[in-house]
Amino acid sequence: MRLLEEKISADGKVLSDHVLKVDSFLNHQIDPQLMLEIGKEFARIFADDGITKIVTIESSGIAPAVMAGLYLNVPVIFARKRKSLTLVDDLLTASVHSFTKNETNEISVSNKYLNESDRVLIIDDFLANGEAALGLVKIVQQSGASVAGIGIVIEKSFQHGAQKLKDLGLRVESLARVASLSNGEVTFINENVEELI
Ligand code: G4P
């Protein structure tokens, strides 16, 4: 998605060979107009997949997921990383280990909002090692619903998450695919090479 790549190039900060800081439009301050375009693009990609629900994870997945839900006209559920005071019964849970943060969270969703007839689009802001996405897949599968695909805003293609998910037969659609963060520069995998010619 060209608009997103331009935004990353203009406003993203490369913190190291592995970490891209995008808190001016995605992870802290949020650019609503960009989120709207991101939601529209996810809706276009998954328009014919019979999506009935979107599942994401707090906190940074929520903004793009809500915009996709707006365009697909379906509800959006976000997995919680901490136990909620009111969300106590019949939880679907999965354990998610973050290699980036070196911590493990038990994520949870109430089974009230997912059932066998649902066809779910999973959305997240970043795809690195794929642990969060895998946790969400496990939760959806526990409910008996099916996973139509995984929509990612920024995929770090030099890490193994996308391949891990694809090897499990899951469809992964990433709006920006970062090939490298070496030398303080963001390089994208550009599938439309002919556009450059
Ligand atoms: P994984 O789920 O793909 O295995 O990713 P990982 O454990 O490495 O990521 C843990 C957290 O760090 C996630 O956010 C993820 O979005 C974020 N993250 C991973 N790589 C980057 C990066 O290069 N840049 C930025 N900005 N974030 C990255 P989180 O802890 O769930 O945070 P939030 O959603 O509450 O903001």
Side-chain angles (χ1 to χ4, degrees), residues 1 4-5 7-32 34-35 38-39 42 54-69 76-84 87 93-109 120-141 147 149-168 170-189:
M1 186 183 174
L4 175 61
E5 291 184 357
K7 187 75 172 172
I8 294 168
S9 297
D11 295 347
K13 303 267 178 290
V14 177
L15 290 192
S16 71
D17 282 1
H18 289 94
V19 180
L20 174 66
K21 184 174 162 100
V22 286
D23 66 355
S24 67
F25 61 92
L26 181 60
N27 289 140
H28 192 36
Q29 174 172 266
I30 293 172
D31 180 335
L34 179 65
M35 291 305 128
I38 284 171
F42 280 135
I54 292 175
V55 170
T56 186
I57 181 165
E58 64 176 347
S59 47
S60 301
I62 296 175
V66 167
M67 293 307 184
V76 178
I77 302 149
F78 67 90
R80 290 180 179 270
K81 290 181 189 157
R82 294 217 183 91
K83 291 275 178 289
S84 150
L87 192 70
T93 62
S95 182
V96 171
H97 179 72
S98 165
F99 293 100
T100 309
K101 295 186 167 175
N102 196 22
E103 63 182 27
T104 302
N105 285 300
E106 175 99 332
I107 64 168
S108 54
V109 164
V120 176
L121 168 58
I122 290 171
I123 286 186
D124 206 0
D125 57 334
F126 265 92
L127 177 58
N129 295 298
E131 293 297 308
L134 265 180
L136 294 176
V137 168
K138 283 182 198 152
I139 280 182
V140 172
Q141 289 174 340
V147 177
I150 299 169
I152 298 293
V153 180
I154 303 175
E155 171 189 312
K156 294 194 291 183
S157 307
F158 55 87
Q159 292 182 270
H160 303 299
Q163 199 52 52
K164 203 189 299 179
L165 298 169
K166 287 175 190 169
D167 287 348
L168 290 170
L170 295 159
R171 177 178 172 201
V172 180
E173 299 282 356
S174 304
L175 302 189
R177 299 172 71 211
V178 174
S180 152
L181 295 173
S182 299
N183 305 319
E185 264 180 47
V186 188
T187 313
F188 296 102
I189 295 177

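Treat the numbers as computed from the prediction; the structure is a model and nothing was measured. As the structure lists them, so they are numbered: ligands from 1, and atoms in each ligand from 1.
Using a cutoff of 4.0 Å between basic side-chain nitrogens and carboxylate oxygens, Lys7 and Glu5 are not scored as salt-bridged. For the pair Arg177 and Glu155, the salt-bridge criterion is met [side-chain N within less than 4.0 Å of a carboxylate O].
Side-chain contact between Met67 and Phe42: absent, with no pair of heavy atoms (C-beta onward) separated by less than 4.5 Å.
Of the candidates Ile57, Leu20, Val14, it is Leu20 that places a heavy atom closest to atom 24 (N) of ligand 1.
In terms of protein heavy-atom proximity, atom 5 (O) of ligand 1 is nearest to Ala128 CB, 3.4 Å. Regarding atom 30 (O) of ligand 1, its nearest protein heavy-atom neighbour is Lys101 NZ, 2.5 Å.
Put simply, no part of Gln159 is less than 4.0 Å from ligand 1, judged by heavy atoms. For Gly161, the heavy-atom gap to ligand 1 stays at 4.0 angstrom or more. Not a single heavy atom of His28 sits under 4.0 Å from any atom of ligand 1.
With a 4.0 Å cut-off on non-hydrogen atoms, Ile154 does not touch ligand 1 at all. Only the side chain of Asn27 comes within 4.0 Å of ligand 1, counting heavy atoms alone; its backbone N, CA, C and O stay farther away.
The distance from ligand 1 to the heavy atoms of Ser59 drops below 4.0 Å at these ligand atoms: 33 (P), 34 (O), 35 (O), 36 (O).
Between the side chains of Ser60 and Asn27, a donor-acceptor pair is found at a separation under 3.5 Å.
Of all heavy-atom pairs between Asn129 and Lys164, the closest is O-NZ, 2.8 Å.
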